[in-house]
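Since this is a predicted model, take the numbers as computed values, not measurements. Worth knowing before you read on, the calculation uses all heavy atoms, side chains too, and leaves out hydrogens, waters and symmetry mates.
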Amino acid sequence: MTHRDNAGFVGSLKFVTFLVALSPVLLLLGARVQLQDNGYDGILIAINPQVPENQNLITNIKEMITEASFYLFNATKRRVFFRNIQILIPATWNANNYSKVKQESYEKADVIVTDWNGVQGDDPYTLQYRGCGKEGRYIHFTPNFLLNDDLIAGYGSRGRVFVHEWAHLRWGVFDEYNNDKPFYINGQNQIKVTRCSSDITGIFVCEKGPCPQENCIISKLFKEGCVFIYNSTQNATASIMFMQSLSSVVEFCNASTHNQEAPNLQNQICSLRSAWDVMADSADFKGSLPWKGSELPPPPTFTVTQAGDKVVCLVLDVSSKMAEADRLLRLQQAAEFYLMQIVEIHSFVGIVNFDGKGEIRAQLHQINSDDDRKLLVSYLPTTVSAEAETSICSGLKKGFEVVEKLNGKTYGSVMILVTSGGDEHIGNCLLTVLSSGSTVHSIVLGSSAVGNLEELSHVTGGLKFYVPDKSNSNSMIDAFSRISSGTGDLFQQSIQLESMGENVSPYHQLKNTVTVDNSVGNNTIFLVMWQTSGPPEIVLLDPTGRKYYMNNFIINVAFRTASLLIPGTAKPGHWIYTLNNTHHSPQALKVTVASHASSSTVPPATVEAFVERDSTYFPHPVIIYANVKRGFYPILNATVTAMVEPEIGDPVMLKLSDDGAGADVIKNDGIYSRYFFSFAVNGRYSLKVHVNHSPSVSAVAHSVPGSHAMYVPGYIANGNIQMNAPRKSVRRSEEEQKWGFSRVSSGGSFSVVGVPTGPHPDVFPPCKIVDLKAVKMEEEVTLSWTAPGEDFDQGQATSYEIRMSNNLQSIQDDFNNAILVNMSKLKPQQAGTREMFTFLPKLFLNGLEPDGETQESHRIYVAMRAVDKNSLKSAVSNVAQVSLFISPNSAPVLGRDSLIMKGVLIAISLIGIICLIIVTAHYTLNRKKRADKEENGTKLL
């Protein structure tokens, strides 16, 4: 272990010890949602600045959560309820003596209230991008859902809806209905409606009223205009994840009520497990016993806070370490860009620098014009100190002193901390930072900074970034570009279109194309940066053919930057820049392009990059995510590339996918993902994501992703059909995109420990198969899935292992002892390829008796895993199911009403046939008698 590793370990150990001692304080000041004594504390509900002021929103939110708390308490068998809720209203609303925010912001909210760009109806939904049992991103409500009581008939009471969505968000369970597959053929070859539990009753309704279900089924397809309407009065008590609107529904589906056959997301993603079984495995349930006594918990308490002025202080390291690797120069370039382009208008900004002590360089200035921005740039540090000591606490305390002068408090302020120092005494000011109510974003330069520095960001809800010591890295500007006000007002935020850096040889050039799409274009800036004293030759060509040269740019010789602000709205299309290195030696040339929304009503395309967790231990991988969307609509078929920069070594490029395989849980939800495990060294890694979209492929999905509360079209009440108002479903009118678009976003940083030095053996197995499906075709079963890789989702696995059982619990808990299917002839394909395999299950099931079912309804469960060349095995896949021993020519069994009708028709037909036989026999007999008489008469004659 090196001296640095040893010092870092000792420092981290001291810091961890300090955190443990302060754990009660951390729970109160630094954490988000907490479950204590059966009650949830710290839930944040935030209203978007675009929502018009309406006090009824606050009233209805309080009523919704209060109802939800008691409903949740009973549904979880007295385990959990809501205790403390915070409602964050935007600064755009009139002040009304609300409390001021501390570290809360719209972007950190658990529940958001907004209705940008006609979200699909008023469906409440939860954005879920991870697997079964994993927390979601946020719950979304529209203002109309919270204000319009007419919607209660279709969705149910708001409190019940909130519990449905909370289960998505907190416990990672999924919907038990399926609008795309409203019915299925069950094991008895009967047509069944997709529902949970199966005891919920109703009838088919066609355009003209009730109808037998055969009128709604055409060649196993659901006829348009037919719906299944549920009875308003039910005996079934489950399930909340299916239809929370039914008054009888007060429970989640458990093992005894769960419908494993229903083709819904809960079964697909959670391998046929019930919602209650998934919830029971959560930390919430394992860590809490049912509420003691028979009384109900107290109703929730609410705190209404309002965002105040945007107050930012730059806390910048100027110790002697900043002289290394052009750190100060890159800080100056990035800070200038932040002040001139990123920080929002009307913000208050101050500047502090520090080495062994702190110094105020600029008191708070409010930004109302470009002159205010330029004035702040003039206060940026120009030289480094001779002092090597770094006191981060001294810098932060000076920052707090600056922001306190505005209104006497530091609540709601933002500290942007940039440092390369090895300060081992961060713990000395941790309590001060926590109690300040300020959010600390940390930007760490180089590899000498202490390993626990980012804890300041973690406990205050801030972002953290790492900037490697590489001259061609744009990570510093990318970090500043990612830091926004956190208000959620996308139309006021800068959007990064390009971030490029290369080491360019003498008399060579850096050339590239930037796409400015028609959703952006206001306040568009091109920033060029260079490394040596001599600037490059710059040529910028706009879509109309106009050229901009060096004399059109504003030059900052000291900071070695050239910037061009495009007047008005930049022309949409392809902008081509060329930088010629006219210097006699190689130098790093870098370009950043940013813009703002071109319209106040049409949201631009955005990308948010992040990782599943910000630290990992080798060999556990990190999952990289990029949420690409326009408003709330996912953007499909984009080319999304992640660039990961380690402390030492070259960047690693990864293409992210939205295919519902590997690390990606749900296909076509606009969230692209991939495993990253190419760990070169211990330490910090920086993440950046590039998104490009071609105009030749379909872009925006027509529906919003996530798990939605079900809207019920109507009910059967007292034998009468009572239809609800048609569900509002707004499909966005997609504007023609002639040029596609490009976006860039920093994903912050993460750290890795435990990486062995030198070459290490293969420790990475294939990734879990998450999209296994089984379809029965006559006597055969066809399986399909997406191929994993040799290492997680990269490369090519060596073999597959498929097993099946007639018992779900057996294959889930004891996969190794399930029946092995021979598939030795199937060689795995490259990761990401769609695989298919067909087999005859009866060859493997001889002598196997059905498990509690008749032979005609026998079901089998299938799961699989992949194996690599070193015999490392993936986790067992999701479980697929299929019904066997059904005659291939048998038609689906119809419902009771249809059977009765058929029976009546058959009976009438039989009676008719019998009558016809009797009449025919009678006629034949009479005819024979007459013939006999005639014959006897002839004989007498």
Side-chain angles (χ1 to χ4, degrees), residues 23-47 55-89 96-104 108-113 124 126 135 138-139 141 145-146 149 152 156-171 173 237 240 244 247 249-252 276 279-280 282-306 437 709:
S23 57
V25 179
L26 293 178
L27 285 175
L28 293 174
L29 295 175
R32 287 179 58 184
V33 178
Q34 292 289 323
L35 178 62
Q36 300 181 77
D37 299 327
N38 300 93
Y40 288 110
D41 297 318
I43 298 171
L44 178 62
I45 301 174
I47 301 173
Q55 291 297 317
N56 289 333
L57 271 177
I58 299 175
T59 301
N60 288 2
I61 287 172
K62 291 179 177 180
E63 291 177 354
M64 174 179 68
I65 302 299
T66 301
E67 178 197 0
S69 183
F70 295 114
Y71 185 58
L72 180 68
F73 182 70
N74 290 321
T76 57
K77 299 177 174 57
R78 303 175 64 83
R79 277 179 174 80
V80 292
F81 61 93
F82 301 120
R83 182 186 287 114
N84 294 313
I85 310 293
Q86 188 167 354
I87 302 173
L88 174 60
I89 65 172
N96 192 18
N97 295 322
Y98 300 117
S99 302
K100 292 303 178 184
V101 297
K102 292 184 179 180
Q103 285 131 354
E104 305 83 12
K108 300 175 188 175
D110 308 290
V111 182
I112 59 174
V113 179
T126 302
E135 290 188 33
Y138 56 73
I139 297 172
F141 293 113
F145 172 82
L146 294 170
D149 289 345
I152 294 175
S157 67
R158 297 186 186 103
R160 285 170 167 256
V161 171
F162 189 85
V163 170
H164 175 100
E165 300 303 332
W166 181 258
H168 287 313
L169 180 74
R170 187 71 179 178
W171 301 312
V173 295
T237 58
I240 292 171
Q244 72 286 332
S247 59
V249 169
V250 293
E251 296 178 342
F252 295 93
W276 184 261
M279 292 159 56
S282 70
D284 287 356
F285 277 47
K286 287 185 174 180
S288 63
L289 297 173
W291 179 271
K292 295 179 180 179
S294 58
E295 70 279 3
L296 292 174
T301 59
F302 297 89
T303 304
V304 181
T305 59
Q306 185 173 29

Q: Compare every heavy atom of S288 with every heavy atom of N38, then report the nearest pair and how far apart it is.
A: ND2-CB, 4.2 Å
Q) So, T126 and E165: side-chain donor and acceptor under 3.5 Å apart, yes or no? A) yes
Q.
Measuring from atom CD1 of I112 to atom CG of L44, what distance do you get when rounded to the nearest 0.5 angstrom?
A. 11.0 Å
Q: In sequence, state the C-alpha distance, the side-chain angles, and the governing distance for Y98 and T305, and then conclude on side chain to side chain contact (heavy atoms under 4.5 Å, CB included).
A: CA-CA 5 Å; Y98 300 117; T305 59; 5.7 Å; no
Q) Between the side chain of K108 and the main-chain N/O of Q103, is any donor-acceptor distance below 3.5 Å? A) yes
Q. Any side-chain heavy atom of F73 within less than 4.5 Å of one from V80?
A. no
Q: For P297 and W291, work out which heavy atoms get closest and say how close.
A: CA-CZ2, 4.2 Å
**Q.** Heavy-atom check, side chain of I45 versus side chain of I61, under 4.5 Å
**A.** yes
**Q.** Evaluation steps, side chain to side chain contact (heavy atoms under 4.5 Å, CB included), between F145 and V161
**A.** CA-CA 11 Å; F145 172 82; V161 171; 3.8 Å; yes
(Q) Using the rule given for ring pair (Phe, Tyr, Trp, His ring centres under 6.0 Å), can you reason through Y71 versus W166, listing the C-alpha separation, both sets of side-chain angles and the distance that settles it, and then say yes or no? (A) CA-CA 12 Å; Y71 185 58; W166 181 258; over 10 Å; no
Q. How long is the gap from CZ on F162 to CG on L169, to the nearest 0.5 Å?
A. 8.0 Å
Q: Could you check F302 against I58 for side chain to side chain contact (heavy atoms under 4.5 Å, CB included), going step by step and ending with a plain yes or no?
A: CA-CA 10 Å; F302 297 89; I58 299 175; over 6 Å; no
**Q.** Separation between OG1 of T303 and CG of N84, rounded to the nearest 0.5 Å
**A.** 7.0 Å
Q: Starting at CD of Q86, measure out to CD of E104 and round the result to the nearest 0.5 Å.
A: 4.0 Å
Q | Check: D110 and R170 side chains under 4.5 Å, non-hydrogen atoms | A | no
Q: Please name all residues satisfying side chain to side chain contact (heavy atoms under 4.5 Å, CB included) with A167, sequence neighbours left out, ordered by chain then number.
A: W171, V173, M241, F252
Q | Heavy-atom pair with the smallest gap, counting every atom of F81 and S69 | A | CB-OG, 3.4 Å
Q. Is there a side-chain contact between L296 and F70 (heavy atoms, below 4.5 Å)?
A. yes
Q) When you check the gap from the basic side-chain N to the acidic O, do K292 and D37 get nearer than 4.0 Å? A) no
Q: Nearest 0.5 Å please: distance from the CD atom of Q306 over to the CD1 atom of I47.
A: 10.0 Å
**Q.** Contact list for residues 72-83, test side chain to side chain donor-acceptor pair (under 3.5 Å), sequence neighbours left out
**A.** D41-R83
Q: Assess whether side chain to side chain contact (heavy atoms under 4.5 Å, CB included) is satisfied between Y40 and D284, documenting all intermediate values.
A: CA-CA 10 Å; Y40 288 110; D284 287 356; 2.6 Å; yes
Q. To the nearest 0.5 Å, how far apart are CD1 in I65 and CG in L72?
A. 10.5 Å
Q: Give the minimum heavy-atom separation between S247 and V250, together with the two atoms involved.
A: O-CG1, 4.3 Å
**Q.** For the student: nearest non-hydrogen atoms of Y138 and A109, plus distance
**A.** CB-O, 4.0 Å
Q. L146 versus N56: any side-chain heavy-atom pair under 4.5 Å?
A. no
Q. What orientation do H168 and H164 show, parallel under 30°, tilted 30 to 60°, or perpendicular over 60°?
A. perpendicular
Q) Taking only residues two or more places apart in sequence, or in another chain, which ones meet E67 in a side chain to side chain contact (heavy atoms under 4.5 Å, CB included)? A) S157, R160
Q) Between E251 and W276, is any pair of side-chain heavy atoms under 4.5 Å apart? A) no
